[in-house]
K.L.:
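Before anything else, here's the structure in question.
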Amino acid sequence: MQKPSLPKGTRDFGPVQMSRRTYILDTIKETFQLFGYQQIETPAMENLSTLTGKYGDEGDQLLFKILNSGDFLKDVNLEDLSAGTQAVLPKVSEKGLRYDLTVPFARYVVMNRNELTFPFKRYQIQPVWRADRPQKGRYREFYQCDADVVGTESLVCEAEIILMIRKVFAKLKLADYQIKINNRKILTGIAEAIGEAGKEGPLCVAIDKLDKIGWEKVQEELAQRGFGIDAIQKLAPLVSLESNLSGKLEFLKTFLKDSETGLKGVEELEEVFEILDQMGENLDFVDFDIMLARGLSYYTGAIFEVKVNGVSIGSVSGGGRYDNLTGVFGLPGVSGVGFSFGVDRLYDVLEELKLFPEDSLNSTKLLLAYFDEKGFGYALSLLNQFRKAGVKTEIYPDQAKIKKQLEFAAKKEIPFVGICGDNEIKDNSVSVKNLSTGEQVNLEIEAAIQLIQGS
RNA sequence: GUGAUUGUAGCUCAGCUGGUUAGAGCGCUGGUUUGUGGCACCAGAGGUCGCCGGUUCGAACCCGGUCUUUCACCCCA
């Protein structure tokens, strides 16, 4: 005998958790559909060649690789072994578990380009796997809920992403959060403006930590990454900039006046806000964060990140525009924009804020209970009458003492127990006991159905 | 991947500088109560002290390894 256990970073979901997850997922699905997105699914595993090289070196390390079936060592020779992992891996593994939903989607778009109608809007809700070290809000298997649209450069999509996030959060009763938005082109422009053109990658990584470690440390890190002192000093006014939206935009227009790309980014951002205005929407919850820099290498335009205030969880949603994701699969020039909700993190947030509706679990409304075999038979005959009327009904299947049946109902939070004894059998009735009040009434079956349905 | 940290009953946790048979609360099972759950009282079951090895006359306790938990870094939903 061995004690069963779970692989690191994975979890079971019990009935309570499942009903809560369903609540979150239904809310998200509803919203995606309202905005015209269609659902697809892709396999849990992809060819390793599809996955590798898309997430950077770090990402490649975090991919779960699947050992080839059969004699997976048959192509490996001693030379490979002494050459190390790099040489052995491609010979023993040709598949991996998906790391996100965006890359499989890009693969899907390329493979189905002739069937799809562009612009194509799809959503996808499936687990992804990362061989990360687990910690709070970070798992090795977790769900993502992606919505992406490909085949258009329209900034209406960006505006709609903001609307969808707001809609979902409103439905989930989340009231204190920020949709941080920025544009990759602005970051590129900043790199140019401070005389470190092309280095926005390391620049992003460093300034992304501003909140966490402060300006002093960021300067150190920038210096370490090879940024000149004057470049860092040029960056300073940006960091200390505390202004409203239009103030930030005006500042950037001056700051980026020599960077065509940077100005384009500002322009795009302004257009998104303008579209929202035309839609009759406002900028509630939207926060233009010049320093927002999401790591993923493929973003080229808008970038989003959503943070719920006052909770210990990191970002619960993120996304952005990528101009050429399908390019690596042989279909260049397709622009896409998308974002993703992290259900597992949303779950943790709602739990921390106690925002789950209470009545989500107790589905059964009536338990038929009995004292003896005769009553058991009578109860069995009643089951279908209640169910036909749409009352969620069950019976304790093993013949057991009434005490046990009542305890069972109480534990499962079943609100009503229908007692079936000799008296009830005699006049074809049932005694309905309300478990929370303890009240009990003897009723005809029809009346019992009405009572329970009316509750 | 780097550095810490945790593991004792179903759950939450005690367990002294290493020393007889490892404890508590909650939960669970049965009873007081054969037409009625929650409350009360009584009784009972339940533990390879994460796993493997070492030190010792003797290990839940000390040492090594391993797995797991949590956390920071990296990165990220």
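Within every chain, numbering begins at 1; the chains are lettered A, B, ... in the order of the sequence lines, protein sequences first and strands thereafter. Worth saying up front: this structure is predicted, and the values here are computed from it rather than measured.
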K.L.:
Could you work out the separation of B/G23 and B/G47 based on their P atoms and round it to a whole Å?
P.N.:
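Looking at atom P only, B/G23 and B/G47 are 14 Å apart.
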K.L.:
Using whole Å, what does the distance between atom C1' of nucleotide B/A77 and atom CG of A/L25 come to?
P.N.:
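In whole Å, B/A77 C1' and A/L25 CG are 14 Å from each other.
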K.L.:
Taking the C1' atom in each of B/C63 and B/U55, what is the distance between them to the nearest angstrom?
P.N.:
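Between the two C1' atoms, the distance is 7 Å.
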K.L.:
Suppose you measure atom P in B/C49 against the same atom in B/U8; what distance do you get, rounded to whole Å?
P.N.:
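Looking at atom P only, B/C49 and B/U8 are 11 Å apart.
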K.L.:
Using the test salt bridge (charged side-chain N to carboxylate O under 4.0 Å, His left out), find all partners of A/R321 that sit at least two apart in sequence or belong to another chain.
P.N.:
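Result, salt bridge (charged side-chain N to carboxylate O under 4.0 Å, His left out) vs A/R321: A/E158.
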K.L.:
Is A/G9 touching bases, backbone alone, or none of the nucleic acid, heavy atoms closer than 4.0 Å?
P.N.:
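Sugar-phosphate only.
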K.L.:
Which residues satisfy the salt bridge (charged side-chain N to carboxylate O under 4.0 Å, His left out) test with A/E46, sequence neighbours excluded?
P.N.:
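Applying salt bridge (charged side-chain N to carboxylate O under 4.0 Å, His left out) to A/E46 gives A/R107.
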K.L.:
Can you tell me, in whole Å, how much space there is between the C1' of B/C26 and that of B/U33?
P.N.:
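The same atom, C1', in both gives a distance of 24 Å.
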K.L.:
Decide yes or no for A/V286 and A/R166: does some side-chain heavy atom of the first lie under 4.5 Å from some side-chain heavy atom of the second?
P.N.:
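Yes; the side chains approach each other to less than 4.5 Å.
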K.L.:
On a whole-Å scale, what distance lies between the C1' atoms belonging to B/U69 and B/G46?
P.N.:
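24 Å, rounded to whole Å.
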K.L.:
Could you tell me how the ring of A/F105 sits relative to the ring of A/Y108: parallel (under 30°), tilted (30 to 60°) or perpendicular (over 60°)?
P.N.:
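Parallel: the ring planes of A/F105 and A/Y108 meet at under 30°.
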K.L.:
Can you give each donor-acceptor pair under 3.5 Å made by side-chain atoms of residues 400-411 of chain A, sequence neighbours left out, with the distance rounded to 0.1 Å?
P.N.:
{"residue": "A/Q405", "atom": "OE1", "partner": "A/Y370", "partner atom": "N", "Å": "3.0"}
{"residue": "A/Q405", "atom": "NE2", "partner": "A/Y370", "partner atom": "O", "Å": "2.8"}
{"residue": "A/Q405", "atom": "NE2", "partner": "A/A400", "partner atom": "O", "Å": "2.8"}

K.L.:
Does A/N309 have more than 12 heavy atoms from other residues, nucleotides or ligands lying within 6.0 Å of its CG?
P.N.:
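Yes, because the 6.0 Å sphere around CG of A/N309 holds more than 12 heavy atoms from other groups.
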K.L.:
Would you tabulate the pairs of protein nitrogen or oxygen atoms and nucleotide nitrogen or oxygen atoms of nucleotides 42-44 of chain B closer than 3.5 angstrom?
P.N.:
none

K.L.:
Rounded to whole angstroms, how far apart are CG on A/L63 and P on B/C76?
P.N.:
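Those two atoms, CG and P, are 14 Å apart.
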K.L.:
Using the P atom as the point on both nucleotides, what is the distance between B/U12 and B/C76, in whole Å?
P.N.:
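The same atom, P, in both gives a distance of 34 Å.
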K.L.:
Quick one: A/R11 CZ to B/U70 P, roughly how many Å, whole number?
P.N.:
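Taking CZ of A/R11 and P of B/U70, I get 10 Å after rounding.
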K.L.:
Using a cut-off of under 3.5 Å, enumerate the N/O to N/O pairs linking the protein to nucleotides 71-74 of chain B.
P.N.:
{"residue": "B/C71", "atom": "OP2", "partner": "A/K136", "partner atom": "N", "Å": "2.3"}
{"residue": "B/A72", "atom": "OP2", "partner": "A/Q135", "partner atom": "OE1", "Å": "2.7"}
{"residue": "B/C74", "atom": "OP1", "partner": "A/K209", "partner atom": "NZ", "Å": "2.8"}
{"residue": "B/C74", "atom": "O2'", "partner": "A/E58", "partner atom": "OE2", "Å": "2.9"}
{"residue": "B/C74", "atom": "N4", "partner": "A/R138", "partner atom": "NH1", "Å": "2.5"}
{"residue": "B/C74", "atom": "N4", "partner": "A/R138", "partner atom": "NH2", "Å": "3.4"}

K.L.:
Using a 4.0 Å heavy-atom cut-off, does A/S340 contact any base of the nucleic acid, only the sugar-phosphate backbone, or nothing at all?
P.N.:
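Contact class for A/S340: none.
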K.L.:
Mind checking which stems touch RNA chain B? I mean at least 3 consecutive Watson-Crick or G-U pairs, both distances under 3.5 Å.
P.N.:
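B:1-4 with B:70-73, B:10-13 with B:23-26, B:28-32 with B:40-44, B:50-54 with B:62-66 - these are the stems of 3 or more pairs that involve RNA chain B.
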K.L.:
Could you check whether A/T42 and A/Q124, counting side-chain N and O atoms only, form a donor-acceptor pair closer than 3.5 Å?
P.N.:
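A donor-acceptor contact under 3.5 Å links the two side chains.
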K.L.:
Once you round it to whole Å, what is the distance between C1' of B/C76 and NZ of A/K54?
P.N.:
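Atom-to-atom, A/K54 to B/C76, this comes out as 19 Å.
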K.L.:
Side-chain donor-acceptor pair under 3.5 Å between A/S429 and A/E444, yes or no?
P.N.:
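The criterion, which ignores hydrogens and geometry beyond distance, is not satisfied for A/E444 and A/S429.
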K.L.:
For the P atoms, the ones on B/G15 and on B/C61, what distance do you get once it is rounded to whole angstrom?
P.N.:
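Nearest-Å result for B/G15 against B/C61 at atom P: 15 Å.
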K.L.:
Could you check how far CG of A/L62 sits from C1' of B/U2, rounded to whole Å?
P.N.:
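Going from CG in A/L62 over to C1' in B/U2 covers 14 Å.
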K.L.:
For A/R130 and for A/S5, find the nucleotide of RNA chain B with the closest heavy atom, then tell me which residue's nucleotide is more 5'.
P.N.:
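Its nucleotide being nearer the 5' end, the pick is A/S5.
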K.L.:
Of all residues at least two apart in sequence or in a different chain, which pass the salt bridge (charged side-chain N to carboxylate O under 4.0 Å, His left out) check with A/E58?
P.N.:
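Applying salt bridge (charged side-chain N to carboxylate O under 4.0 Å, His left out) to A/E58 gives none.
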K.L.:
Is it the case that the side chains of A/N434 and A/S436 hold a donor-acceptor pair, with the cut-off being a distance below 3.5 Å and no angle test?
P.N.:
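A/N434 and A/S436 do have a side-chain donor-acceptor pair below 3.5 Å.
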K.L.:
With a 4.5 Å heavy-atom cut-off, do A/R138 and A/R130 have their side chains touching?
P.N.:
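A/R138 vs A/R130: side chains apart.
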K.L.:
When you check every protein heavy atom under 4.0 Å of nucleotides 27-38 of chain B, what one-letter string (B, S, -) results, 5' to 3'?
P.N.:
-S--S---BBBB
K.L.:
Would you indicate what A/Y139 reaches in the nucleic acid, counting non-hydrogen atoms under 4.0 angstrom: base, sugar-phosphate, or nothing?
P.N.:
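Base contact - A/Y139 has a heavy atom under 4.0 Å of at least one base atom.
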K.L.:
I'd like to check the salt bridge (charged side-chain N to carboxylate O under 4.0 Å, His left out) partners of A/K199; sequence neighbours left out, ordered by chain and number.
P.N.:
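With sequence neighbours excluded, A/K199 shows a salt bridge (charged side-chain N to carboxylate O under 4.0 Å, His left out) to A/E196, given in chain and number order.
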K.L.:
Show me the pairs that pass ring pair (Phe, Tyr, Trp, His ring centres under 6.0 Å) and involve residues 121-144 of chain A, at least two apart or across chains.
P.N.:
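Pairs touching residues 121-144 of chain A that pass the test: A/F32-A/Y123.
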K.L.:
Can you give the donor-acceptor pairs under 3.5 Å from side chains of residues 144-153 of chain A to other protein atoms, not counting sequence neighbours?
P.N.:
{"residue": "A/D146", "atom": "OD1", "partner": "A/S340", "partner atom": "OG", "Å": "2.8"}
{"residue": "A/D146", "atom": "OD2", "partner": "A/T102", "partner atom": "OG1", "Å": "3.2"}
{"residue": "A/D148", "atom": "OD1", "partner": "A/R122", "partner atom": "NH1", "Å": "2.8"}
{"residue": "A/D148", "atom": "OD2", "partner": "A/Y322", "partner atom": "OH", "Å": "2.5"}
{"residue": "A/T152", "atom": "OG1", "partner": "A/S154", "partner atom": "N", "Å": "2.9"}

K.L.:
Tell me, please, which residues at least two apart from A/Q135 pass side-chain hydrogen bond (donor to acceptor under 3.5 Å, both in side chains).
P.N.:
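Listed in chain order: nothing, the list is empty.
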K.L.:
When the C1' atoms of B/G58 and B/C75 are compared, how many Å lie between them, rounded to an integer?
P.N.:
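Per the computed distance, 49 Å lies between those C1' atoms.
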